[in-house]
Colleague: 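If you scroll down you'll find the structure; I have some questions about it.
Values below: all heavy atoms of this structure, side chains included; hydrogens, waters and symmetry mates excluded. Bear in mind that the values here come from a model prediction, so they are computed numbers and not experimental data.
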Amino acid sequence: MKWNPSTVAAISVCLLLLGVTPVLADSLLPVCGTHLLPRSGALPRAAKLQAVQPFKVGDPLTVPAFSFRWGDGGHYQTTTTCRFVGRHCYIFVEDEVWGTLTQAGIDSLADAFDRTTPGDAGRGIYAIDTDLFGPPPDVDGDPRILIVLLDILDNSATTGITFVGYFDTDNQGPPTSREIIYIDTNPLDITGTLARATLTHEFQHMLHWRADPDEDKWVDEGCSEYAELACGYKDTTQTAAAAFLEVTNTSLTLWEDLPFDFDQSFLWMTYFVQRSGEAVLKPLLSEPENGIAGINRVLASHNTSQRFETLFADWMAATYLDGPAHLGYQRLDLGPVSRDTVAVPTRNRTRKVRLWGTDYLALEASPGLSIDIAGAGSDLLTVLIAERDTGPAVTFLSIPTGTRKQINTFGPDARTLAVTRTSGETEDYTFTIVPLDGRSVAASDFDASGRVDFTDFVLFAKNFGYTTADSGFIPTYDLDGDRRVGFSDFVIFAGNFGVAP
């Protein structure tokens, strides 16, 4: 196979446009190669039943490898030698790079895989990953994983991108029939955190392939990113997921192998596990359905009312706020999210939002607003985020294709509107945002019929007693903006009853 340069070229262009700062070196960005490889459609094979002779230090082994170079890329053979035998792994080193490594560095990498990690001093990468995601495949009858350290061939000098590791599913079948993870040695430093993070990441891909070989890429990559966090190798500071926080209007489910895809899947999976617990990961991998359907089946099996759409709405708010409890991340300290400021009033403005992307709009300050929004041929999910000294409040609104929805909000809040598209092909959506006094007659005309009447009273009565602590709270009926629909709101409504705006 000849390596197609289109994906790598796209990554390079996006990095330049986004001004992403590489984390490996001043001019290189590390990339996982697993999902860029030609992938076998074969199902996992059963382990061989016969005993095998384990490798010893000094044993030679010719293994297949993959070149990511343009023009002459594809599979090739390289010679390696066993340099370490551990409890859960062999480490083989490509003969060509042996002189550039130290035995101490190899031993320390094996120690991280077998015994200890920053995430748990008593457990290595193998134990943490398998506890989270399940056992590895075993097609050779040897329980140890082969870790091959080699110079992964790529065009890093011209693209600014270096492939730091991969798991090749083709090795699970003949003629290789071995469990192999490949880790780069040039320019990757095998004694550094990134090498351990890469080993953790690629090992999860192996585990995921055994359980669900056709899983959607964004789910598989999200699990690998979460594995890095669980092992203590992930950035948890305000620089975490920086590529995605700059361009949040990118689809979670349409994987493009770009830097913000990895960041987005990391944040989503971290939040999903935070809300559902780590015990949800094994069922997720064993679930035959993939992507959103698989997540919904797992959530249903855990007897929770949450589904992907509602959890995604919570995630939109949590990513923006990084606040307390479910409105933020327990294990991360995120930096600010990029958003555009919308002037008030704004009428019939059109913007674009990608499928399961998020368009964040900061609304200019006003004591009250009326927001009217509709999608053009697509279903929308909107999240209104209101902030004040007493804390944030969040309201969700689903907008089916062909309908318009209006939501009013009152009180001394700083407001942000987050919009995502949940179905359809058309990315356009339109909105109108105008000032609205909560004590005005127009604010009490909930059905916009042109008169405050009994229909409006019925709507008000259905929402009476709700507060921002309740999932069904709708700020439209909180006329005085105190974050509860109470008697004071009824007084305002009664004063307007029977009056036309």
Colleague: Is the Phe487 to Phe464 ring centre distance short of 6.0 Å?
Modeller: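 Not under 6.0 Å, so no.
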Colleague: Quick one: do Met269 and Leu284 satisfy side chain to side chain contact (heavy atoms under 4.5 Å, CB included)? Show the steps, please.
Modeller: CA-CA 11 Å; Met269 191 59 65; Leu284 179 63; 4.2 Å; yes
Colleague: Starting at SG of Cys32, measure out to CZ of Phe167 and round the result to the nearest 0.5 Å.
Modeller: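 If I round to the nearest 0.5 Å, the distance is 11.0 Å.
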Colleague: Give a yes or no on whether a salt bridge exists between Glu425 and Arg354, defined as a side-chain N under 4.0 angstrom from a carboxylate O.
Modeller: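 No, no charged N to carboxylate O under 4.0 Å.
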Colleague: Work out which heavy atom in Thr422 is nearest to a heavy atom in Trp356; give both atom names and the distance.
Modeller: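 It is CG2-CH2, 3.4 Å.
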Colleague: I'd like to know whether Glu202 forms a side chain to side chain donor-acceptor pair (under 3.5 Å) with Thr34, so could you lay out the CA-CA distance, the side-chain angles of the two residues, the decisive distance to 0.1 Å, and finally the verdict.
Modeller: CA-CA 8 Å; Glu202 304 307 334; Thr34 295; 2.5 Å; yes
Colleague: Measure from the ring center of Phe266 to the ring center of Phe244 and say whether it is less than 6.0 Å.
Modeller: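 No, ring centres 6.0 Å or more apart.
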Colleague: For Gly391, is there any backbone N or O sitting under 3.5 Å from a side-chain donor or acceptor partner on Arg388?
Modeller: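 No, because the side chain of Arg388 does not come within donor-acceptor range (under 3.5 Å) of the backbone of Gly391.
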Colleague: Taking Asp154 for its side chain and Ser67 for its backbone only, find out whether a donor-acceptor pair lies under 3.5 Å.
Modeller: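 Not confirmed, Asp154 side chain does not pair with Ser67 backbone.
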Colleague: Please name the residue in the list Val419, Asp379, Ile373 that meets the side-chain contact (heavy atoms from CB on, under 4.5 Å) test with Ile399.
Modeller: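 Answer after filtering Val419, Asp379, Ile373: Ile373.
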Colleague: Mind checking the CG-CG spacing from Leu479 to Asn408? Nearest 0.5 Å is all I need.
Modeller: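 One finds 8.5 Å between CG of Leu479 and CG of Asn408.
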Colleague: Take Thr319 and Tyr360 through the side chain to side chain donor-acceptor pair (under 3.5 Å) test and state the conclusion after the steps.
Modeller: CA-CA 11 Å; Thr319 300; Tyr360 289 103; 4.8 Å; no
Colleague: Looking at residues at least two apart in the chain, or sitting in another chain, which of them share a side chain to side chain contact (heavy atoms under 4.5 Å, CB included) with Asp453?
Modeller: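 With sequence neighbours excluded, Asp453 shows a side chain to side chain contact (heavy atoms under 4.5 Å, CB included) to Asp447, Ser449, Thr455, Asp456, given in chain and number order.
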Colleague: Can you confirm whether the side chains of Thr239 and Asp235 place a donor and an acceptor under 3.5 Å from each other?
Modeller: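 Yes, side-chain donor-acceptor contact under 3.5 Å.
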Colleague: What orientation do Phe312 and Phe308 show, parallel under 30°, tilted 30 to 60°, or perpendicular over 60°?
Modeller: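 Ring orientation of Phe312 relative to Phe308: tilted.
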Colleague: Heavy atoms only: give me the nearest Thr200-Cys231 pair and the separation to one decimal.
Modeller: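 Looks like CG2-SG, 3.6 Å.
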Colleague: Is there a side-chain contact between Thr253 and Ile292, using heavy atoms and a 4.5 Å cut-off?
Modeller: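 Yes, their side chains come closer than 4.5 Å.
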Colleague: Atom OG1 in Thr432, atom CD in Gln406: separation rounded to 0.5 Å?
Modeller: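 It is 10.0 Å, given to the nearest 0.5 Å.
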Colleague: Answer yes or no: is there a donor N or O on one side and an acceptor on the other, between the side chain of Asp261 and the main chain of Leu258, under 3.5 Å?
Modeller: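 Yes; at least one donor-acceptor contact below 3.5 Å.
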Colleague: Would you mind reporting whether Ser276 and Leu299 have side-chain heavy atoms less than 4.5 Å apart?
Modeller: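 Yes; the side chains approach each other to less than 4.5 Å.
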Colleague: For the residue pair Pro118 and Tyr233, establish whether any side-chain heavy-atom pair is separated by less than 4.5 Å.
Modeller: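 SC-SC contact between Pro118 and Tyr233 confirmed.
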Colleague: In Å, rounded to the nearest 0.5 Å, how long is the span from OG1 of Thr467 to CZ of Phe473?
Modeller: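 If we round to the nearest 0.5 Å, Thr467:OG1 and Phe473:CZ are 7.5 Å apart.
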Colleague: What side-chain donor-acceptor pairs closer than 3.5 Å can you find for residues 340-350, not counting sequence neighbours?
Modeller:
unit_1, atom_1, unit_2, atom_2, d
Asp340, OD2, Arg351, NH1, 3.2
Asp340, OD2, Arg351, NH2, 2.8
Thr346, OG1, Ala343, O, 2.4

Colleague: Could you go through the ring-ring contact (aromatic ring centres under 6.0 Å, His included) check for Tyr466 and Tyr477 one step at a time?
Modeller: CA-CA 9 Å; Tyr466 279 91; Tyr477 304 98; 9.4 Å; no
Colleague: Among side-chain atoms of Thr426 and Asp428, is any donor-acceptor pair under 3.5 angstrom?
Modeller: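 Note: Thr426 and Asp428 side chains miss the donor-acceptor criterion.
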Colleague: For the atom pair CD1 (Ile128) and CD (Gln204), what is the distance rounded to the nearest 0.5 Å?
Modeller: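 One gets 13.5 Å once the value is rounded to the nearest 0.5 Å.
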Colleague: Which heavy atom of Gly438 sits nearest a heavy atom of Ala443, and at what distance?
Modeller: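 Scanning both residues, the minimum pair turns out to be O-CB, 3.5 Å.
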Colleague: Answer whether the closest heavy-atom distance between the side chains of Tyr226 and Leu132 falls below 4.5 Å.
Modeller: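 Contact flag for Tyr226/Leu132 side chains = yes.
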Colleague: Yes or no on side chain to side chain contact (heavy atoms under 4.5 Å, CB included) for Leu361 and Thr416, after CA distance, side-chain angles and deciding distance?
Modeller: CA-CA 5 Å; Leu361 306 175; Thr416 298; 5.6 Å; no
Colleague: Does Asp372 come within less than 4.0 Å of Arg404, counting only side-chain N to carboxylate O?
Modeller: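 Yes, Asp372 and Arg404 are salt-bridged.
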Colleague: With a 4.5 Å cut-off on side-chain heavy atoms, are Met316 and Ile385 touching?
Modeller: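 Contact flag for Ile385/Met316 side chains = no.
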Colleague: Restricting to non-hydrogen atoms, name the atom on Glu287 and the atom on Arg297 that form the minimum distance, rounded to 0.1 Å.
Modeller: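 Scanning both residues, the minimum pair turns out to be OE2-NE, 2.8 Å.
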Colleague: Could you check whether any side-chain heavy atom of Leu285 comes within less than 4.5 Å of a side-chain heavy atom of Cys223, counting everything from C-beta outward?
Modeller: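 Of all side-chain heavy-atom pairs linking Cys223 with Leu285, at least one is under 4.5 Å.
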Colleague: If you round to the nearest 0.5 Å, how far is CZ of Arg484 from CG of Asp470?
Modeller: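 That separation rounds to 9.5 Å.
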Colleague: Parallel, tilted or perpendicular for Phe68 and Phe163, by the 30°/60° rule?
Modeller: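 Correct class here is parallel.
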Colleague: Under the salt bridge (Lys or Arg N to Asp or Glu O under 4.0 Å) rule, what do Arg483 and Asp413 come out as? Steps first, then yes or no, please.
Modeller: CA-CA 11 Å; Arg483 295 191 168 181; Asp413 294 312; 3.0 Å; yes
Colleague: Could you check whether atom CZ of Phe497 has more than 12 heavy atoms from other residues, nucleotides or ligands sitting under 6.0 Å from it?
Modeller: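 Counting other residues, nucleotides and ligands, CZ of Phe497 exceeds 12 neighbours.
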Colleague: Which of parallel (below 30°), tilted (30 to 60°) and perpendicular (above 60°) describes Phe493 and Phe446?
Modeller: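 Parallel: the ring planes of Phe493 and Phe446 meet at under 30°.
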Colleague: Dump the intermediate steps for side chain to side chain contact (heavy atoms under 4.5 Å, CB included) on Val353 and Leu380, then the final yes or no.
Modeller: CA-CA 9 Å; Val353 63; Leu380 299 179; 4.2 Å; yes
Colleague: Hey, mind stepping through Asp314 and Arg275 against salt bridge (Lys or Arg N to Asp or Glu O under 4.0 Å) and telling me if it holds?
Modeller: CA-CA 10 Å; Asp314 285 344; Arg275 294 294 301 274; 2.9 Å; yes
Colleague: Between the side chains of Ser398 and Glu309, is a donor N or O closer than 3.5 angstrom to an acceptor N or O?
Modeller: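 There is such a pair between these side chains.
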Colleague: Pair Ser338, Thr248 - check side chain to side chain contact (heavy atoms under 4.5 Å, CB included), show working.
Modeller: CA-CA 7 Å; Ser338 178; Thr248 59; 5.9 Å; no
Colleague: Contact between Phe410 and Leu436 at the side-chain level, heavy atoms closer than 4.5 Å - yes or no?
Modeller: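 Yes, close enough: below the 4.5 Å cut-off.
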Colleague: Are Trp315 and Tyr320 near enough that their ring centres are under 6.0 Å apart?
Modeller: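 For Trp315 and Tyr320, the ring centres are not under 6.0 Å apart.
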Colleague: Have Tyr429 and Asp359 got a donor and an acceptor in their side chains that come within less than 3.5 Å?
Modeller: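 Yes, a side-chain donor-acceptor pair sits under 3.5 Å.
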Colleague: Scan residues 220-230 for pairs that pass salt bridge (charged side-chain N to carboxylate O under 4.0 Å, His left out), counting only residues two or more places apart or in two chains.
Modeller: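 As it turns out, the salt bridge (charged side-chain N to carboxylate O under 4.0 Å, His left out) pairs with a partner in residues 220-230, which skip direct neighbours, are Glu225-Lys234, Glu228-Lys234.
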Colleague: Considering all heavy atoms of both residues, which atom of Thr310 and which atom of Gln306 are nearest to each other, and what is their separation?
Modeller: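 Taking Thr310 first and Gln306 second, the nearest heavy atoms are OG1-OE1, 2.5 Å.
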Colleague: Considering all heavy atoms of both residues, which atom of Asn155 and which atom of Trp70 are nearest to each other, and what is their separation?
Modeller: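 Here Asn155 and Trp70 meet closest at OD1-N, 2.7 Å.
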Colleague: Under a 4.5 Å cut-off applied to non-hydrogen side-chain atoms, are Val31 and Val164 in contact?
Modeller: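 Result no, sub-4.5 Å side-chain heavy-atom pair not found.
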